[in-house]
Amino acid sequence: MRFDEVDLHEDILDALWDMNFEEMTPVQEATIPVILEGRDVIGCAQTGTGKTAAYTLPLLNRILEEGNPENKVLSVIIVPTRELAQQIDQQFQGFSYYAPISTTVVYGGGDGKGWDVQKRGMLMGADVVIATPGRMISHLQNSGVDLSHVKYLILDEADRMLDMGFFDDIMKIVGTMPKERQTLLFSATLPPKIRQLAKQILRDPAEISIAISKPNEAIDQSIYVCYENQKMEIIRHLFEGKELSQKTIIFSSSKQKVKELAYALKRMKYRAAAMHSDLEQTQREEVMLDFKNGKIDLLVATDVVSRGIDIQDIGTVINFDVPHDPEDYIHRIGRTARASATGRAITFVSETEQGKFHRIEELIERDIPQNEMPEGLQGPEYRPENDRGGRGRGRGHGGRSKSENRGEGNRGSKDRRRKRGRGKATEVKGESRKPADEQSMPAAPEAESSETSTTQTEGKKRRRHRGGRRHRKPTTPTPENQA
């Protein structure tokens, strides 16, 4: 479906035309008409499916149609991290280029000036407030911010926020809003805690589910089965003496490992930088900007950048540690192979991480092949049953995949695996899918609290795209930059 086939405001269509957005992604096609009808929505879609545009476009449309004559805060978008808040704001600026829409971004980590800018933006009645939970609570307690006129509430990456311990904060924020409002909840998974939250804040929601927990098929996935003290040697093998033609992200679950890895790579004369919660807001923004602009080739990061960061030309993702939650594996490797590109994902699996990685393989219903160890290194066998105390399979030292080692024996286990939906959007009203691993995510940084950039464009003159929609010529659909 094309964007000009739904009832969107002319100013929005002009901006989409300029941005070369024509064909909707499945989540946009399923979600936008429902939101335009005014219904509450639970959207279950993984990163990279275009869900940001799926809720921002109908939200902008409603605001343009109804206006904001009293200059009150009309809509609030709650997100887990400052980076995601900034990215959503950037998309708003593009989609509302021809429209007089004002946005305020609220997140912590800045100075007193940033606090004042956020406070002023909300007190002046920004049309859209994009906020992290901790910072919004601070403003509600200290700035006299009024959310009693909010008509639209959106929770993005809701599962991540609950994993970070924000349930109570979210409920406090919701308690300051009118009960008569439209609420949209987007999450990569729908575990019981998300169902509980949805039951409390949504009214008769439509459920839309898109390709849950399936990595992009364009990602070449592989692993090194190794001992913990061999991981750095494998890094040296992968990068030493080689030119990097594409951007690479190395993920670790430990801030200390991130710092040590970045330092080691710099000593190897690579353009590397660390990204973690100990950095000040300005430092984090500078690192991400340098990475986007190509001044940095290697970004070593915690899971603070595993979701919501849209950088198109990342060629490789390396998991230095197996993530605690199998769903986080999907989000990490989803940083590559975006916008119809290809990419590769390499995971280091130590002897104590084999059980965790086996749960990832069960979740994605796929056996990930093993790479040959670098010359001079001998890793352990892949025997996840020794780590998890249950059913598992052995794997030799060679670079063969598990299916090669088992031969015909893997058919039965594959047949026993749970079937999962994929492909087109479907509206679901049945039971929730329980994630393979309910282990909570590691305590995340104060990325929740948030600093802000405020963009007030109320006085902006409306500008019409020269040709106007009537003179546009159809072009070949190009989904690559779908948000």
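FYI, the numbering just counts along the sequence from 1. Keep in mind that what you see is a predicted model, and the values were worked out from it rather than measured.
For the atom pair Leu155 CG and Thr183 OG1, the distance stands at 7.5 Å (nearest 0.5 Å). The CZ atom of Arg332 sits 10.5 Å away from the CD1 atom of Ile249 when rounded to the nearest 0.5 Å. Once rounded to the nearest 0.5 Å, the distance linking CE of Met275 with NZ of Lys255 reads 13.0 Å. Atom-to-atom distance recorded for Asp163:CG and Glu157:CD is 11.0 Å, nearest 0.5 angstrom. We find the NZ-CH2 distance between Lys119 and Trp115 to be 8.0 Å, quoted to the nearest 0.5 Å. The CG atom of Asp127 lies 9.0 Å from the OG1 atom of Thr104; values are rounded to the nearest 0.5 Å.
Between the side chain of Asp89 and the main chain of Ala85, no donor-acceptor pair closer than 3.5 Å is present. Looking only at distances, a side-chain donor or acceptor of Arg181 sits under 3.5 Å from a matching main-chain atom of Pro178. Under the 3.5 Å distance criterion, the side-chain polar atoms of Arg39 are matched with a main-chain donor or acceptor of Asp204. Side-chain atoms of Gln28 come within 3.5 Å of backbone N or O of Thr25 as a donor-acceptor pair. When atom types are taken as modelled, the side chain of Asp290 and the backbone of Ile296 share no donor-acceptor pair closer than 3.5 angstrom. Using modelled atom types, one side-chain atom of Thr81 and one backbone atom of Leu84 make a donor-acceptor pair closer than 3.5 Å. Listed for the Gln230 side chain is a donor-acceptor partner under 3.5 Å among the backbone atoms of Tyr227. Judged by distance alone, the side chain of Ser254 and the main-chain N or O of Lys257 form a donor-acceptor pair under 3.5 Å. A donor-acceptor pair is defined here as one N or O able to donate and one able to accept, closer than 3.5 Å; such a pair exists between the side chain of Asn142 and the backbone of Ser138.
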- [ ] Check the pair Leu16, Leu8 against side chain to side chain contact (heavy atoms under 4.5 Å, CB included), reporting the backbone distance first and the verdict last.
- [x] CA-CA 10 Å; Leu16 289 171; Leu8 291 174; 4.2 Å; yes
Task: Intermediate values then yes/no, side chain to side chain contact (heavy atoms under 4.5 Å, CB included), Ile250 and Leu261 - done: CA-CA 9 Å; Ile250 304 176; Leu261 274 169; 4.2 Å; yes
TODO: Would you check, one step at a time, whether the test side chain to side chain contact (heavy atoms under 4.5 Å, CB included) holds for Val106 with His139?
DONE: CA-CA 9 Å; Val106 178; His139 277 290; 3.7 Å; yes
TODO: Assess whether side chain to side chain contact (heavy atoms under 4.5 Å, CB included) is satisfied between Asp278 and Lys259, documenting all intermediate values.
DONE: CA-CA 10 Å; Asp278 286 347; Lys259 297 173 186 177; 2.9 Å; yes
- [ ] Take Gln256 and Glu260 through the side chain to side chain donor-acceptor pair (under 3.5 Å) test and state the conclusion after the steps.
- [x] CA-CA 6 Å; Gln256 185 59 36; Glu260 292 172 356; 3.2 Å; yes
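Ser75 approaches Leu59 most closely through the heavy-atom pair CB-CD1, 3.7 Å. Between Ala262 and Ala272 the shortest heavy-atom distance is O-CB, 4.3 Å. Here the closest heavy-atom approach between residue Arg271 and residue Gly294 is recorded as NH2-O, 3.1 Å. Nearest heavy-atom pair across Leu202 and Pro205 is CD2-CB, 3.5 Å. The two residues Val34 and Ala30 have their closest heavy-atom pair at CG2-O, 3.4 Å. Heavy-atom minimum distance, Ile333 versus Val317: CA-CG1, 4.2 Å.
Taking the centre of each ring, Phe320 and Phe251 stay at or above the 6.0 Å mark.
By the 4.0 Å N-to-carboxylate-O rule, Lys51 lies close enough to Asp156 to be salt-bridged with it. Ion pairing of Asp159 with Lys193 is absent here, as no side-chain N (NZ or NE/NH1/NH2) approaches a carboxylate O to less than 4.0 Å. In this structure, Glu83 pairs ionically with Arg284, as a charged nitrogen and a carboxylate oxygen lie closer than 4.0 Å. The pair Glu286-Lys295 fails the salt-bridge criterion, with no side-chain N (NZ, NE, NH1 or NH2) lying under 4.0 Å from an Asp/Glu carboxylate O. The pair Glu285-Arg82 does not meet the salt-bridge criterion, since no charged nitrogen lies less than 4.0 angstrom from a carboxylate oxygen. Between Glu207 and Arg195 there is a salt bridge, with a side-chain nitrogen of the basic residue lying less than 4.0 Å from a carboxylate oxygen of the acidic one. By the 4.0 Å N-to-carboxylate-O rule, Asp321 lies close enough to Lys231 to be salt-bridged with it.
Ile346 places none of its side-chain heavy atoms less than 4.5 Å from the side chain of Asn319. The shortest distance between side-chain heavy atoms of Leu140 and Met136 falls below 4.5 Å. Using a 4.5 Å heavy-atom cutoff, the side chains of Ile170 and Met161 are in contact. Taking the side chain as every heavy atom from C-beta outward, Thr176 and Val145 never approach each other to under 4.5 Å. Using a 4.5 Å heavy-atom threshold, the side chains of Ile63 and Asn61 count as separate. Counting heavy atoms from C-beta outward, Thr248 and Ile314 have side chains that stay 4.5 Å or more apart. Side-chain contact check for Arg344 versus Thr336: every heavy-atom pair is 4.5 Å or farther apart. Taking 4.5 Å as the limit, some side-chain heavy atom of Ile368 sits within range of a side-chain heavy atom of Phe357.
Gln182 and Arg62 share a side-chain donor-acceptor pair at under 3.5 Å. A donor atom on one side chain and an acceptor atom on the other are found under 3.5 Å apart for Thr352 and Ser350. Side-chain atoms of Gln93 and Thr103 form a donor-acceptor pair, as typed in the model, at a separation below 3.5 Å.
Between Tyr55 and Phe186, the ring planes lie tilted relative to each other; the angle falls in the 30° to 60° range.
Exactly one of Ile154, Val128, Thr52 qualifies for a side-chain contact (heavy atoms from CB on, under 4.5 Å) with Ile88. That residue is Thr52.
The environment of CD in Glu228 is crowded: more than 12 heavy-atom neighbours from other residues, nucleotides or ligands sit within 6.0 Å.
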Side-chain donor-acceptor contacts of residues 218-225 below 3.5 Å, not counting sequence neighbours, with atom names and distances?
residue, atom, partner, partner atom, Å
Gln221, OE1, Tyr329, OH, 2.6
Ser222, OG, Asn371, ND2, 2.9

